[in-house]
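Input: a single structure, listed below in structure tokens.
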Amino acid sequence: MLQIYNTLTKQKSAFTPLKAGEISMYVCGMTVYDYCHIGHARVMVSFDVITRFLRSQGWKVNYVRNITDVDDKILQRAKQNDESMQQLTERMIAAMHEDEKRLFVLPPDQEPRATGHIQGIIDITQILIDKGYAYAASNGDVYYRVAKFEGYGKLTNKNIDELRAGARVAINDIKENPIDFVLWKAAREGEVSWESPWGNGRPGWHIECSAMSKHCLGDNFDIHGGGPDLPFPHHENEIAQSEAANGCAFANLWMHAGAVRVNSEKMSKSLGNFFTIRDVLQQYNPEVVRLFLASVHYRSYIDYSEASLKEAKVKLERFYQALRDVSPQAAELDNKYHSQFTQAMNDDFNTPKAIAVLFELVNELNTANRQKLATAPALAAQLLSLADSIGLLQQDPTEFLQGEAKEGEISPQQIEVLIEERKVARSNKDFAESDRIRDALLQGGVVLKDTREGTSWFREG
RNA sequence: GGCGCGAUGACAGAGUGGUUAUGUAGCGGACUGCAACUCCGUCCACGCCGGUUCGAUUCCGACUCGCGCCUCCA
């Protein structure tokens with residue numbers, strides 16, 4: 001039975017889809033004004049793991065993740081770079097797709113862009129005005145009348161009076177109430193804009209998601225997800241917009257990934273302590289990053305550090321070492337791993353526990369390999385199949401372990417030559433020479449492994 | 001101040017009302033010419049104080065400490 005934690009109810013409960021066997025899911029994606037960082041990677045990978053696993057269980061998942069391609073930051077950055085908004089966003093979207101692909105993140109089923117849904121945004125805004133939930137201000141902006149929406153704050157336990165009292169919102173005489181937020185922004189000189197009943201302008205930040213989710217999934221859908229800083233105000237505002245406009249419940253279940261920290265401090269754009277995905281991938285195999293992210297439950301914070309990345313690398317080496325010496329062959333197996341793995345994942349996507357099960361499986365596989373048991377190929381196939389359901393271990397073991405020679409590193413051909421020389425030395429019992437060669441390779445990060453069948457090697461991080 | 005989350009062995013990180021998490025590191029063995037890989041064994045634990053209970057790391061309450069959101073940020 002699938003159980004998921006719901007931010008709205010603050011508890012884990014059995015998942016019930018709107019349509020049997022199907023799941024409609026909307027996840028807030030990137031605002032494309034810069035390269036994606038590890039925080040983005042966490043959201044991408046978390047929901048990728050979730051989607052893959054659900055599909056492996058037979059769920060039909062319709063996964064939508066939007067792109068925000070018009071907003072203040074984008075306009076500002078484009079101006080700084082002296083390029084058009086479109087040039088900037090196209091460039092960043094291409095980069096994002098590249099990053100995702102490298103991280104083995106499958107594309108969502110639909111990837112709507114805000115600029116492609118301006119009419120939908122205008123339509124919702126008009127409905128909200130008609131129903132009294134929004135008003136056009138004197139300057140051409142349109143605002144949401146927060147106090148009018150009864151359920152405001154239900155996702156994050158806010159109440160309107162306290163929000164107003166603590167209002168760190170800029171005083172603005174144009175608004176009826178400081179906590180009202182903008183649905184439509186009047187065009188400013190030289191900025192991109194679209195025609196609307198309230199004059200030329202562009203969408204506010206929250207309204208696009210109401211429009212795109214409605215278009216792709218309808219008024220009411222199963223799951224809405226996003227990053228740790230989105231519940232307030234973004235998702236709270238989405239609820240206010242969509243439920244007021246549509247007159248029905250919005251998302252049934254809300255999922256939020258935890259934060260990525262660096263040195264125990266939240267990683268964020270404003271603190272400037274972020275690492276981009278491409279930076280990290282210069283140093284680590286993409287799957288290392290994936291395993292690092294999956295090593296912690298998706299709702300907990302995760303600490304980014306050299307040590308934790310290295311640890312993920314060592315873990316992967318253990319997996320691939322086990323897989324290198326056997327040819328997987330699927331066969332019936334009567335063991336506990338499949339059910340334990342599935343149970344862990346069905347329990348709010350407990351990847352750390354699921355991965356622990358994989359390690360137990362590896363242990364049995366290694367023993368089977370050592371003892372040349374007939375079960376080894378089946379165990380290997382089982383490991384691959386379970387790992388595949390969360391997007392892990394799909395690389396060729398030897399390729400993973402040997403890696404690509406980086407700048408200045410010794411090539412596979414050179415390594416093979418040295419291994420051959422060492423073999424000769426060993427057969428002559430010239431262990432001094434043999435050890436010299438091994439030490440020299442180790443200096444270059446290459447570790448040798450002698451087996452009855454011969455010597456293999458891998459690169460050490 | 002409001003809302004919410006967390007505190008597990010050397011480190012990372014799951015989980016459970018009474019029984020081994022898991023990975024890395026350490027220690028002792030096996031394998032090896034010696035190593036590496038691998039296997040076997042093993043040390044180290046549940047912030048603090050009360051309560052409930054036959055029994056609590058696990059449930060309840062207080063406390064201490066840490067963190068997130070409340071403002072653009074995944």
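Chain letters run A, B, ... following the sequence lines, proteins first, then strands; residues in each count from 1.
When all heavy atoms of A/G29 and A/N66 are compared, the pair lying nearest together is N-OD1, 2.9 Å. Contact record, A/L217 with A/S24: CD2-CB, 3.8 Å, taken as the closest heavy-atom pair.
Contact annotation for A/S434: base contact, defined as any heavy-atom pair under 4.0 Å involving a base atom. Residue A/G258 is classed as a base contact, given a heavy-atom separation below 4.0 Å to a base. The residue A/R299 sits apart from the nucleic acid: no heavy atom pair falls under 4.0 Å. Base engagement by A/D450 is indicated by at least one non-hydrogen atom pair under 4.0 Å involving a base atom. If you check every strand for non-hydrogen atoms under 4.0 Å, A/F431 touches a base. Contact annotation for A/L230: backbone-only contact, meaning every heavy-atom pair under 4.0 Å involves sugar-phosphate atoms and none involves a base. Across all strands, A/R426 comes closer than 4.0 Å to base atoms (heavy-atom distances). Residue A/R436 is out of contact with every strand shown, counting any heavy-atom pair closer than 4.0 Å. No contact: A/V357 has no heavy atom under 4.0 Å from any strand. Residue contacts for A/E311: at a heavy-atom cut-off of 4.0 Å it reaches a base atom on one of the strands shown. Residue contacts shown for A/H37 include a base, since a base heavy atom lies under 4.0 Å away. Among the atoms of the strands shown, base atoms are found under 4.0 Å from some heavy atom of A/M267.
Side-chain N/O atoms of A/K158 and base N/O atoms of B/C70 include no donor-acceptor pair closer than 3.5 Å. For a distance-only test at 3.5 Å, the side chain of A/R438 qualifies as a donor-acceptor partner of the base of B/A35. Judged by distance alone, with hydrogens and angles left aside, A/N159 brings no side-chain donor or acceptor close enough to the base of B/G2 to form a pair under 3.5 Å. Counting distance only, with no hydrogens placed and no angle test, the side-chain atoms of A/S295 and the base atoms of B/G23 include no donor-acceptor pair under 3.5 Å.
For B/C73, one of the phosphate oxygens OP1 or OP2 lies less than 4.0 angstrom from a side-chain nitrogen or oxygen of A/W205.
Taking atom P on both B/C49 and B/C65, the two are 16 Å apart, rounded to the nearest angstrom. Look at the P atom in both B/G23 and B/C40: the space between them is 10 Å, to the nearest Å. When the P atom is compared between B/C63 and B/G1, the two are found 12 Å apart, to the nearest whole Å. Rounded to whole Å, the separation between the P atoms of B/U58 and B/C46 comes to 11 Å. The C1' atoms of B/U57 and B/U20 are separated by 16 Å, rounded to the nearest whole Å. If you take atom C1' in B/C54 and the same atom in B/A14, they sit 29 Å apart, rounded to whole Å. A distance of about 47 Å separates the C1' atoms of B/C73 and B/G18, rounded to the whole Å. Nucleotides B/C48 and B/A12, compared at atom C1', are 24 Å apart to the nearest Å.
A/L392 CG to A/F104 CZ: the interatomic distance, rounded to the nearest 0.5 Å, is 9.0 Å. Atom CD of A/E100 sits about 6.5 Å away from atom CE of A/M30, to the nearest 0.5 Å. A/Q382 CD to A/Y337 OH: the interatomic distance, rounded to the nearest 0.5 Å, is 8.0 Å.
The six-membered or imidazole ring of A/F250 lies near that of A/F221, with a centre-to-centre distance under 6.0 Å.
A heavy atom lying under 4.0 Å from RNA chain B marks the following residues of residues 366-391 of chain A, by number: A/N366, A/T367, A/R370.
In this structure B/U71 sits in no base pair that meets the Watson-Crick or G-U test at under 3.5 Å. With a cut-off of 3.5 Å on both Watson-Crick or G-U wobble distances, the partner of B/U19 is given as none. Shown here, B/U42 forms a base pair with B/G26; the pair counts as Watson-Crick or G-U wobble because both key distances fall under 3.5 Å. Pairing for B/C59 is with B/G51, a Watson-Crick or G-U wobble pair whose two hydrogen-bonding atom distances lie under 3.5 Å. Nucleotide B/G66: paired with B/C5 (Watson-Crick or G-U wobble, both distances less than 3.5 Å).
The residue from A/K353, A/K12, A/R299 that alone fulfils the salt bridge (charged side-chain N to carboxylate O under 4.0 Å, His left out) condition with A/D348 is A/R299.
A/Q80 CD: more than 12 foreign heavy atoms inside a 6.0 Å radius.
Between A/A257 and A/V362, the residue anchored closer to the 5' end of RNA chain B is A/V362, taking for each the nucleotide with the nearest heavy atom.
Between A/R113 and A/E90, at least one side-chain nitrogen of the basic residue sits less than 4.0 Å from a carboxylate oxygen of the acidic one, meeting the salt-bridge criterion.
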